[in-house]
Q: 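Dropping a structure here in structure tokens format, bear with me for questions.
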There are 2 protein chains.
Amino acid sequence: MSSMTIGKLSAATRVKVTTIRYYESIGLLDEPDRSASGQRLYGDTAVERLGFIRHARDLGFPVPAIRELISLQVEPSWDCAVVDQIARRQLGEVRRRLTQLEALEAELKRMITACEGGKIACCSVLAALGHHEQCLHEEHAGKEVLAARPSN
Amino acid sequence: MSSMTIGKLSAATRVKVTTIRYYESIGLLDEPDRSASGQRLYGDTAVERLGFIRHARDLGFPVPAIRELISLQVEPSWDCAVVDQIARRQLGEVRRRLTQLEALEAELKRMITACEGGKIACCSVLAALGHHEQCLHEEHAGKEVLAARPSN
DNA sequence: TCTACAGTCTACAGTAACTGTAGAGGCAAG
DNA sequence: CTTGCCTCTACAGTTACTGTAGACTGTAGA
Ligand SMILES: [Zn+2]
Ligand SMILES: [Zn+2]
Ligand SMILES: [Zn+2]
Ligand SMILES: [Zn+2]
């Protein structure tokens, strides 16, 4: 029987040890068996489950959506429309952010090319930041545009 | 001399009242004068400053970068290369995020079109989430170690 | 066996950039 | 004077983790 400590599981899935414990604390991972001294021991199903979670997180699925996907997996005879809808919702979210980011890229590019060097007093980057009236995008309603998930 | 309460400033800049107080607490906005009863009173410079902050935030600049831009504004005779570098860094960040999101969009689209409806037991969205071999995005390339048989 | 050192444990605090809430007091209209 | 909205402070909650302290455990080399 293969049983691995949390460090091995971490190496196998490239999920940090602290993150694994965090997933357990929020109920994404089941509580594993423990050794006599209290260390967590995982089997192969934990590797699978954690790989699933990591892939979904990498695709930007929020934790509640992943929780839902996991709970659906134990009902193989149900219709998969629910699963597909979660994925489509996530695709919509990704596309919405893409559109936003394209607008931001356009304005940043415009700002930067407008500046031809010189003194701060006449820097068109600062000018553009100060005057929103001339923006290419009338509404960049993006709060967490970049906050989504920094690379790791 | 025009002086406005925090609510008017909020309406003028479309920044929420609580957010304005938050910006003050982290030192992005100067502490304003107060009325006899202790309410904040703002002048026109606050509108300008807050508009600048909002625009920069909308473009995804992190708060420390904005703090730097503001501190540079009071040195009009300096060279604007620093400003431009901050903007270019932000542009790079936006482009990096764009590339990532494009990969995510591609994989989500692929997952969803692969599913032709049916039962959860054979939903290819769930299958794709569980198996990384066919990933389009390089972020989890080289994870064939995880290829294990789905138990149910 | 001793010892060094890496791994693991719990519990809690910190991150970014806010948002929400409670409970108290302020201000203008009717 | 009352109604109703505005503002105040202080603090907790959000998301998905990450980092730290301080103690214990497991293991490999001398
Ligand atoms: Zn410039
Ligand atoms: Zn703009
Ligand atoms: Zn399906
Ligand atoms: Zn993938």
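First the proteins, then the strands, lettered A, B, ... as listed; each starts at 1.
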Q: Looking for any heavy atom pair under 4.0 Å, which part of the strands does A:Phe61 touch: base, sugar-phosphate only, or nothing?
A: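 No contact.
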
Q: Rounded to whole Å, please give me the gap between CD in B:Glu31 and C1' in D:dT9.
A: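 Taking CD of B:Glu31 and C1' of D:dT9, I get 14 Å after rounding.
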
Q: Would you say D:dC17 has OP1 or OP2 under 4.0 Å from some side-chain N or O of A:Tyr23?
A: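 So the side chain of A:Tyr23 is within the cut-off, an N or O lying under 4.0 Å from OP1 or OP2 of D:dC17.
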
Q: Might you confirm whether atom CG of A:Asp33 has over 12 heavy atoms from other residues, nucleotides or ligands at distances under 6.0 Å?
A: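 Result for CG/A:Asp33: open.
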
Q: Judged by atom type as modelled, is there a donor-acceptor pair below 3.5 Å linking the side chain of A:His55 to the main-chain atoms of B:Ala128?
A: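 Judged by distance alone, yes, a pair lies under 3.5 Å.
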
Q: Taking all atoms of both residues into account, what is the closest heavy-atom pair of B:Thr13 and B:Gly51, and its distance?
A: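 That closest heavy-atom pairing would be CG2-N, 4.4 Å.
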
Q: Would you kindly compare A:Tyr22 and A:Ser35 by the position of their nearest DNA chain D nucleotide and give the one closer to the 5′ end?
A: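 It is A:Tyr22, whose closest nucleotide lies nearer the 5' terminus.
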
Q: Taking all atoms of both residues into account, what is the closest heavy-atom pair of A:Leu129 and B:Phe52, and its distance?
A: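 A:Leu129 and B:Phe52 have their closest heavy atoms at CB-CE1, 3.4 Å.
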
Q: If the sugar-phosphate is the primed atoms plus P, OP1 and OP2 and the base is the rest, what is the B/S/- string for nucleotides 3-11 of chain C, using protein heavy atoms under 4.0 Å?
A: -----SSB-

Q: Verify salt bridge (charged side-chain N to carboxylate O under 4.0 Å, His left out) between A:Arg40 and A:Glu24, making sure each step is shown before the conclusion.
A: CA-CA 11 Å; A:Arg40 291 170 178 81; A:Glu24 182 186 327; 2.8 Å; yes

Q: Just the rounded figure in Å: distance from C1' of D:dT18 to CZ of A:Arg57.
A: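 After rounding, the gap between these two atoms is 14 Å.
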
Q: Please state how far atom CG in A:Leu29 lies from atom P in D:dC17, giving the value in whole angstrom units.
A: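 So the two atoms are 11 Å apart, to the nearest Å.
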
Q: Expressed in angstrom and rounded to an integer, what is the separation of B:Glu24 atom CD from D:dT9 atom P?
A: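 About 8 Å, once rounded to whole Å.
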
Q: In this structure, how many angstroms lie between the C1' atom of C:dT15 and the NZ atom of A:Lys16, rounded?
A: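 The distance from NZ of A:Lys16 to C1' of C:dT15 comes to 13 Å, rounded to the nearest Å.
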
Q: Any side-chain N or O of B:Thr18 under 4.0 Å from OP1/OP2 of C:dG20?
A: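 No, no such contact exists.
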
Q: For DNA chain D, produce a single dot-bracket line, 5' to 3'. Pairs: Watson-Crick or G-U wobble, both distances under 3.5 Å. Symbols: ( ) within strand, [ ] crossing, | other strand, . unpaired.
A: ||||||||||||||||||||||||||||||

Q: Which pair of heavy atoms, one from B:Leu59 and one from B:Gln90, lies closest together, and at what distance?
A: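 Closest pair (atom of B:Leu59, atom of B:Gln90, distance): O-NE2, 3.1 Å.
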
Q: Is it true that, when you exclude A:Glu102 itself, more than 12 heavy atoms of the residues, nucleotides or ligands shown sit nearer than 6.0 Å to its CD?
A: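 Correct, the count exceeds 12.
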
Q: Checking B:Ser10 side chain against B:Ile6 main chain: does a donor-acceptor pair fall under 3.5 Å?
A: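 Answer holds: no.
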
Q: B:Glu93 has an atom CD; how far is it from atom P of C:dA16, in whole Å?
A: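 The distance from CD of B:Glu93 to P of C:dA16 comes to 14 Å, rounded to the nearest Å.
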
Q: What's the shortest heavy-atom distance between A:Cys115 and A:Val125, and which atoms?
A: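 Reported closest heavy-atom pair: CB-CG2, 4.0 Å.
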
